[in-house]
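The chains referred to below are lettered A, B, ... by the order of the sequence lines, with proteins before strands, and numbering in each begins at 1. Side-chain atoms are counted along with the backbone in the values below, which use heavy atoms only and exclude waters and symmetry mates.
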Amino acid sequence: MVKYNEYKNLNYAKLGEEILAFWKQNGIFEKSVATREGNKPFVFYEGPPSANGTPGIHHVMARAVKDIFCRYKTLKGYQVNRKGGWDTHGLPVELQVEKELGITKEDIGKKITVEEYNQRCRETVMRFKNQWDDLTEKMGYWVDLDNPYITFENDYIESCWALLKRLYDMGYLYKGYTIQPYSPGAGTGLSSHELNQPGCYKMVKDTTIVAQFEVKRITRNMFLFDNENEKVCFLAWTTTPWTLPSNTALAVGKGIKYVKVKTYNPYTFEPVSVILAKDLVSRYFNPKAADLDVEAYSPGDRLIPYKVVEEFEGRDLEGVEFHQLMPYVQPEKPAFRVLIGDFVTTEDGTGIVHIAPTFGSDDFRVAAQNDIPALLVQDENGKPMPLVDKQGRFVPQVTDFAGQYVKNYTGEDETHVEYKTTDVKIAIMLKEQGKAFKVEKYEHTYPHCWRTDKPVLYYPLDSWFIKTTAVKERMIELNKTINWKPESTGTGRFGNWLENLVDWNLSRSRYWGTPLPIWRTEDGDEEICIGSIEQLNKEIAKAVDAGVMEAGIELNDLHRPYVDNIVLLSKSGKPMHREPDLIDVWFDSGAMPYAQWHYPLENKEIFEKNFPADYIAEGVDQTRGWFFTLHALAVMLEDSVAYKNVIANGLVLDKNGNKMSKRLGNAIDPFEMIGQYGPDAVRWYMIANAPPWDNLKFNPEGVVETQRRFFGTLQNTYSFFALYANLDNFTFEGDEIPLKRRTESDRWIISKLNTLVQDVDSNLADYDPTRAARAIQDFVVDDLSNWYVRLNRKRFWKGEYNEDKVAAYQTLYTCLETIAKLASPIAPFYTEQLFRDLNSVSGRNSVESVHLADYPEVAEGAIDKDLEERMQLAQTVSSLVHSLRKKHMIKVRQPLQRILIPVLNEKTKEQVQAVEDLIMSEVNVKTIEYIDDTSGILVKKIKPNFKKLGQVFGPKMKLVAAAVQKMGQEDIATLEREGGFNIQLAEDDTAVLTPEDVEITSEDIPGWLVASEGRLTVALDITITEELKQEGIARDLVNRIQNLRKDSNLEVQDKINITFAKAAPEVNAAIENYQDYIATETQAFSISFADELPNGTLLDIDEYQVYILIDAKAGATA
RNA sequence: GGGCUUGUAGCUCAGGUGGUUAGAGCGCUACACUGAUAAUGUAGAGGUCCGUGGUUCGAGUCCACGCAGGCCCA
């Protein structure tokens, strides 16, 4: 006979290991995919992690979220392939290698070859792969670790190349520039990482200028002018006057308030109206001058009068045109307009920002978005360049300053009296021209090149771009079809990002990454984009034939430096060298839907079957990372979304809401957590505690609570089942007993169970695991354990093996088995054990694992909302009676005669009657009586139905409510009897109430002690008769005997003989009268009396004492 | 600085479309129960629903402006 496993002390961590071994041994994961062969696929993309660091607890969160839906969809019959992957390129790896070798980027190619450097990167990036694989397994994240895609492999890179080539052929790949920190002294761009080296930001004193940009006197600007002689100027502040010749626009803040001030130029004393931010007026004007008469000013007066004459919002100023400040070079398109910039503040300056698109990244971006050109000239090769050359000198076209360095890059002696910086010279000139409103020294921090110690310039540097703006509208459109969890990330963070899209800058000046497959002639006139190794080899052959490249170079690795050694031949016969850039690593990860299959070079069918993804999940920080690059590439390459559903999960913080970091020592080790509490409790806690998209404050105590409360309760329930089912040899043989032959509580829990199956299904279908987990938890703890099992305990251990008992077993079994299936996506280990423990005896499922099972079908017919309502009523009544007992200090073991329930309608009465038995046994009361209106003793309470009345009476609500409160018992009776009641609102205003306008409840029964909750009231008869008293004693005796049995370690099924010593007459009578009851309850063959029991045990029952002897040996072999 | 997001009991969180007495679990206190027992029940204490205005007969809920935390971007 196979038995249900019974456990003494379940060790959840050990359980995890055992189940893991079972899965491995039997290839359950593989089977969960293989057995769904031919079914509809559910496509999941794994966002590749980088294995150059150790995994943290937040990875458990992220991966649990991924795992849950893959398992769920498998249960629902889909085939879910999950290919793992590794993200291997990028700056973090490079930095780690440099740190370990004690070198900087500067040393690459000198102290260490690029080859060696990249070799180190390749080794480093997979250093913690074993730890990652280990965590993946231990936490139960099912993903194919044996055939992952790896972004540094040649096949993967080749796919990236093929995709780049496609983009190139579509005209989406172009060379342009971005504004980057640049060191003229060193002649090189600087990464933000280099800029953040200590000591790079230094305090410097710069000459700053508030310049006057004169508004054009054209029709659209006339609202800014008061009269035809007025000169109106925008004031804009700059700490880099050398950028002023390159100005093409001004930026204001949309919501910032600006004012027009009538005043005089402090250097030329000419009258002028200036526009600046309202908040900053006091910074430029002396308040003492505010009262002066503006007209009465004469040049040279110390106080310059001013008058605020008008106010605008930034948005009013958008589009206003102004005259070029320093007209050395003309733009190719219309410029010199006011734009809205989100970076504008009133912290300093004037609240108006001067825009030079060639020398600021904000400037560049806002100009590009508004189609404002940059000021450019042509170099000697006819290529466009900015007004400052790469050495940091003004170009000849800036005639007054031609050839002058914009900063001191030549080591001139700044202490010399004649020395003037270029900024100062510009300031002097603008003052003379009446275009400077204020010139002053300003001390601030400014980044310097760590090599030359000179200030950096923000300078346009070559970059390759993907023209994402070309498909912006389509990306926005398709984004609307994606189901974002939470929705706000899709519409907000991601949507806004798309709205403000700029072209994707692909270039990275680094070593360890996917090389840009573009070869160019030196003059840039000819170029080729390579899309495959095959193509490259052909081109190499051509180049070797033509003699531009030496023969015999074999391409084994597509990384640098090997690709850099390849020289190709242009159509016109010139040599072409590779553009030295690497591509953004985000391209690697965004390309994974294609590159993971080496598509488009092969596997067309597999790709098509697995695109787009049904579901992905990653941290919200990936919005502009992976989520974006997947989307961008899919729209451009396939005119499709890359994913249909996406969960953007939040952060895992420590229990105080702080970010976890190894440095602060508040990081939680995932291995430790799983080792201590097992994987299920950790997963369940994380999912049930907060929705994945909220930040989770991770508190290990919460894991303990989850384990105790949810898993402990579930395990208790199973143990209870197993204990008795084993005794009765219940194996779920034969047919299921029809619902109508089961008890009310059986049908109730089955109804609840089916409701749960529905709820969990719809929540998981909606990608909300938290609601699903909470629903399961509430069912297990509240409904199944604390109500169903508690009420039905006796059915399991008492009496013969009849249909009622079988029904109880079947019901509880069904609940447990269904819970195992429902909860298996979230707690895959424990539910596996539970399922197998149950199934190994019953064999009801033909599968060997819960993860190979099908999601339970909802038995619609078993759902009985009416019944669920009734049971709720029973629970409320019981709770009220318990509360009354407590108030009168009457223990539950003391039977009471009756409770009274006032019922105002027939339905409530019927509902309570249906659950009478349950209530009576739960609260130990003999009868329930109902009193209705006809009894005439009910005291009623009336309360306005605000929702209904509000709609009808609106503003008169308060009067109506007051009138309702005043209604007495007779008024209520009238309302009920006649279906209407007149109330007086004001002297000449009355209204008619209907029964629907109010809520009538029974509150009191005169002469009884009552308790009520909501609309339900219960009264309890607390008279204890002699008979009731005896029964109470009998029950107490049973209780004490049961304790004795337990203390003497008797098994549940052991039989005993009982001997009582004579005691108080009440006790003797109780034993006498309830002999059968006591015997049945305690499984006693016989009950006898003795005059004395010197070896007996003394029992205390309230004020009584009795000696007892129980004998387990005699005839205990029933 | 901008975008997004969160703010409800000591802690973790619920609170469709506004309805007057804001809930649960944990923790705390007391009492009870006892063949699920390292479980359970009942009761109690504990709230300026982040603040300020507004809309409304009525706001935890809607609107505006703030404050504080978080993420991303600059």
Looking for any heavy atom pair under 4.0 Å, which part of the strands does T623(A) touch: base, sugar-phosphate only, or nothing? nothing
Record whether the side chain of S785(A) comes under 3.5 Å of the base of A39(B) through a donor-acceptor pair of N or O atoms. no
Decide side chain to side chain contact (heavy atoms under 4.5 Å, CB included) for M686(A) and I57(A); before the verdict, give the C-alpha distance in whole Å, the side-chain angles of both, and the deciding distance to 0.1 Å. CA-CA 10 Å; M686(A) 293 182 119; I57(A) 192 79; 3.7 Å; yes
Is any NZ, NE, NH1 or NH2 atom of the basic residue among D766(A) and K485(A) found under 4.0 Å from an Asp or Glu carboxylate oxygen of the other? yes
Which part of the nucleic acid, if any, lies within contact of R1035(A), taking any heavy atom under 4.0 Å across all strands shown: a base, the sugar-phosphate backbone alone, or nothing? nothing
C72(B) and C50(B): how far apart are their C1' atoms, nearest whole angstrom? 24 Å
With sugar-phosphate meaning primed atoms plus P, OP1 and OP2, does R709(A) contact a base, only sugar-phosphate, or nothing at under 4.0 Å between heavy atoms? sugar-phosphate
When the P atoms of C28(B) and C65(B) are considered, how many whole Å apart are they? 45 Å
One should read off an interatomic distance between L896(A) CG and M920(A) CE, to the nearest 0.5 angstrom, of 13.5 Å
Interatomic distance at C1', G51(B) relative to U37(B), whole Å: 49 Å
Would you mind telling me which of U12(B), C13(B), C26(B) lies closest to the side-chain atoms of R774(A)? C13(B)
Minimal non-hydrogen separation, T629(A) against W586(A), with atom names: OG1-O, 3.2 Å
Considering every strand and a 4.0 Å limit on heavy-atom distances, what is the contact class for T489(A): base, sugar-phosphate, or nothing? nothing
